[in-house]
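Please read the structure below before turning to the comments.
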Number of protein chains: 2
Amino acid sequence: MAHKAAFTAVKTVKAYERVVEQIESAISTRDLRPGDRLPSERELMLTFEVSRSTIREALRVLESTGLVRSRPGDPRGPEVLQASPAILTKTVNRLVRLETIALSELVEFRIMLEDAACTLAAEHRTEEELEAMRAAVDAMQAEIANGPVAFSRADVAFHSSVWAASHNQLMQICGEATRGALIDMVTGGLDRAPDSATKMELSLAHDREILAAISAGDGPTAGRLARSFVIEYYGDVISPEGRAVQGGVAGA
Amino acid sequence: MAHKAAFTAVKTVKAYERVVEQIESAISTRDLRPGDRLPSERELMLTFEVSRSTIREALRVLESTGLVRSRPGDPRGPEVLQASPAILTKTVNRLVRLETIALSELVEFRIMLEDAACTLAAEHRTEEELEAMRAAVDAMQAEIANGPVAFSRADVAFHSSVWAASHNQLMQICGEATRGALIDMVTGGLDRAPDSATKMELSLAHDREILAAISAGDGPTAGRLARSFVIEYYGDVISPEGRAVQGGVAGA
DNA sequence: AGAAATACATGGTCAGACCAGTACACTCTG
DNA sequence: CAGAGTGTACTGGTCTGACCATGTATTTCT
C-alpha cells in the first residue's frame, strides 16, 4: 500500500432505497405537494432506470410511511398525500404494545400535552374558537342521551377544538397521536366510554370547568384543571406507584 | 331483494398487506421474538401461497417499520428486530418538516418539553443518571476553551442526559426532533453556537442551576428554570409579540 | 346534449431467471 | 486433534415479461 489514503466506508445502498430517498426528498422540499401525482410505475422505472419490482418496493415503503397512495386503475398515477398524525399513532401504538414504551409514559406525555394545550388555548383563543368550544360542550350535553359511544365522540371533538385553539400544530398532532394510541391501548377501541350517566355528567362538568378557565383567559388554571382531570381519568391504568400522577402539578 | 341483510363493506385487501398483517401480529403476540428468524422469501411464498414479489413487498414495509431486517446472503433468513423508538424519531422529524410550522410554535413546544423533562427528571432520576448529568456539565466547562461549536455539542449532550433521566422516551424523541428542527430553522445548522465566552459561561450557569434543582429533587423549580432559560435563549427569534414567552410559567 | 359503451393505461400479481454475497460445513494442513 | 483455508448451497436483490381487473377519459350512440 503506497498511500494511507482516507478511504470512506462503502455501504451497499439498495436500489429501492435510493428511489425512496429521492421521492421522499422531493416531497419534503415541496417539489411534490399533497394532491400531486407521481408518474406511473412504468414511467418511474424509466426515469430511475430500474425494474418495476424495485419501483414497487419503493412505493410500498412510501405508502407504509403515509406519504403516498396507489390505487389500481387510476391513470393519473400514485397520489402524494397530506402528512397525517395517523401514522404516528400507529407507530406509538406498536411500541406500546411491544412494551418498548410504557403506558405510564404515554399518560405522562398526555398530561403534559393537555396541560400545555389548555394553557395556550386560554391565552390565544379567538372568539370564534371559543364559540366552537362552547358548541362542542353543548353537543356533549346532548349526546349523553345517546349513550357512551356517542358521548365519547363528542368529548373527543371538544378536546380537538381546544387543541385547535392552542394555535400550535405540534400539540395538535401529538395530541391526536396520543389520543389514538391511548384509546387503542386502554380499551381496544372504545375510548374508555364512561359506563354510566353519572360518569358522563362528571366528564362534562370537568370540560365545562376547563372551558370556563379558557374563556376567562386564565391559562394556569386551565392547565392545572386539564392536568388533574387527565390524571383522574387515566389514574387507574397507570403504574401502581402512580408515576404519572406526579410531575409538576404544583397547583397552588 | 328478499332480505334486508346486514351486509358489511368489502374492502379489497392487497395480498402483501395480509402478509404484513400476519407477520406483524405474530410479532406482537410474541410468537416471533427479537432475534428470531423468518423463513426465507422462497419458503414464505410457499406458506403464504403468493409470489415472491408479494412477499418482498411485505418484507419491505415490515422493514421500513423497523420490525424486520433482511440481509443478503444470510441463510438464516430475515431477522426479527427489537422494537426501538428510533423509528418514531424519523416519523416525528418528517412531520415537523412537512407541516409548515411556525417558529414560535416550535419554540413553544420546546419550552413545554424542556419544562416537563426537567420536572420529571428531578423526580425520577437515579444516582447514575445524576452522575451522568454532572459529568456532562463538567464536560461543558472543559469545552469552553475549545470554542462555541464544541461547547454546543457538550450542551446538547447535557440536555440529552436530562431527557434520559426523565424516563420518558416520548419526550426524549420529541426533544430530539424539535432540537433538530430548531437548529435547521434558526441558523441553518449551527445550533446558535454562543458567540462569546461570556455567553457560554451564562449557558453553563443556567445548566448548573437546573442540575442543582434536579439533584435536589425539586421538580417544580427545575421545570420553571428550564422554561425561563429556553425563553431567554430563543427570546430574540420568536414572534414580535412574544407569543411563546407566555404560557404557564406561573412561577411564584 | 346527455347517456352508454368502449379503449387504454394503471396498479396488483405472478413466474422464472441471474447475480453477488454470506454462513456453514468441509477439507487440508500443521 | 486444532486451526486455517476452501467450497458450496442458499440467501436476498434485481430484472424481464406477462396477465388480469379496474378506473378514467374518450368516443359513440341516442
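The sequence lines fix the lettering, A, B, ..., with proteins before strands; numbering per chain opens at 1. Please read all numbers here as calculations on a predicted model, not as lab measurements.
- Look at CE on B:Met45: it is 9 Å from P on C:dC14, rounded to the nearest Å.
- Counting all heavy atoms, side chain and backbone alike, A:Glu176 lies closest to A:Trp163 at N-CZ3, 4.0 Å.
- The existence of a salt bridge linking A:Glu131 and A:Arg134 is confirmed by a sub-4.0 Å separation between a basic side-chain nitrogen and an acidic carboxylate oxygen.
- In this structure, CZ of A:Arg69 is placed 18 Å from P of C:dT10, rounded to the nearest angstrom.
- Atom P of nucleotide D:dT16 and atom CG of A:Leu46 are separated by 10 Å, given to the nearest angstrom.
- With respect to the salt-bridge test (charged N to carboxylate O, under 4.0 angstrom), the residues B:Lys14 and A:Glu63 qualify.
- C:dG12 atom C1' lies 12 Å from atom CZ of B:Arg18, rounded to whole Å.
- In this structure, B:Arg94 pairs ionically with A:Glu24, as a charged nitrogen and a carboxylate oxygen lie closer than 4.0 Å.
- Side-chain contact of B:His167 with B:Glu129: a donor-acceptor pair under 3.5 Å is present, judged by distance alone.
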| Using a cut-off of 4.0 Å between protein heavy atoms and nucleotide atoms, how would you tag nucleotides 4-13 of chain D 5' to 3' with B, S and -? | -------BBB

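- Regarding contacts with the backbone of D:dT16, every side-chain N or O of A:Ser53 stays at 4.0 angstrom or more from both OP1 and OP2.
- A salt bridge is defined here as a Lys NZ or Arg NE, NH1 or NH2 lying under 4.0 Å from an Asp or Glu carboxylate O, and A:Arg60 with B:Glu17 fails to meet this definition.
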